[in-house]
Amino acid sequence: DGGITQSPKYLFRKEGQNVTLSCEQNLNHDAMYWYRQDPGQGLRLIYYSQIVNDFQKGDIAEGYSVSREKKESFPLTVTSAQKNPTAFYLCASNERNTGELFFGEGSRLTVL
Amino acid sequence: QQQVKQSPQSLIVQKGGIPIINCAYENTAFDYFPWYQQFPGKGPALLIAIRPDVSEKKEGRFTISFNKSAKQFSLHIMDSQPGDSATYFCAASNSVTGGGNKLTFGTGTQLKVEL
């Protein structure tokens, strides 16, 4: 089945540690996105990539980093510089410049 | 600057009722307006979408009404069922810009349909 796989589903981290969230898609989509979801704030765009080896900052990129070395993979690193990292992180993809976003099931990060 | 404002934040209706969720946008360049449905612990999924060349779109029990002059659009759920209980997000994007189809989301509405 085609889709987006995010891992891990749950992750606990101590303050000061970096953590990397995995996102893999087998939909052959060009574009991939990372969103952060907090209660009452909707989904906010962290980073997006329209093509391999290229990515752009979204609205809340500070404290995050990404890479796009392969079309099917778009990992997100939450660095120790991110002041409030506890959140639900969603990866998505679509064909470049088309409408429907396909989402993964999310990764819930808790900083202890 | 919040570009898509969504209301209400939460909504409770009886089975068979017609919940209505409203969104307003500021950017007149937006030309694609989808609604996403999200169940707890899952990622959002596209429910229905509209472009500004029509004022209404229906898919099953779900209808989007669009008012371009007022820069508002709304989701109506006919004959609502307990299985419709979820969080609903409106969104908007400008497909013409060179930055791809970046969606700007509203803050979400938690809908509960009671028996």
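A, B, ... follow the sequence lines: proteins, then strands. Residue 1 opens every chain. If you're wondering where the values come from, they're calculated on a predicted model, not measured in any experiment.
At least one donor-acceptor pair closer than 3.5 Å links the side chain of B/Gln6 to the backbone N or O of B/Cys90.
Looking at B/Gln38, the atoms closer than 4.5 Å to chain A (heavy atoms on both sides) all sit in the side chain, from C-beta outward. In this structure, the portion of A/Leu45 lying under 4.5 Å from any heavy atom of chain B is its side chain and not its backbone. Neither the backbone nor the side chain of A/Gln6 comes within contact range of chain B, judged by heavy atoms closer than 4.5 Å. Within the 4.5 angstrom heavy-atom criterion, no atom of B/Pro34 approaches chain A. If you measure heavy-atom distances from A/Phe88 to chain B, the contacts under 4.5 Å come from the side chain alone.
Applying the 6.0 Å contact sphere to CD of B/Glu59 captures more than 12 heavy atoms from other residues, nucleotides or ligands. By the neighbour-count criterion of 12 heavy atoms within 6.0 Å, atom NZ of A/Lys9 is densely surrounded, having more than that number from other residues, nucleotides or ligands.
Checked for salt-bridge contact, A/Asp38 and A/Arg44 meet the test: a charged N lies under 4.0 Å from a carboxylate O.
Side chains of A/Tyr89 and A/Arg108: no donor on one and acceptor on the other come within 3.5 Å.
Residues meeting the salt bridge (Lys or Arg N to Asp or Glu O under 4.0 Å) test with A/Lys57, sequence neighbours left out: none.
The candidate from A/Asp59, A/Leu90, A/Ile4 with the greatest count of non-hydrogen atom pairs under 4.5 Å with chain B is A/Leu90. Counting heavy-atom pairs under 4.5 Å between each of B/Gly41, B/Gly43, B/Pro44, B/Ala91 and chain A puts B/Pro44 at the top.
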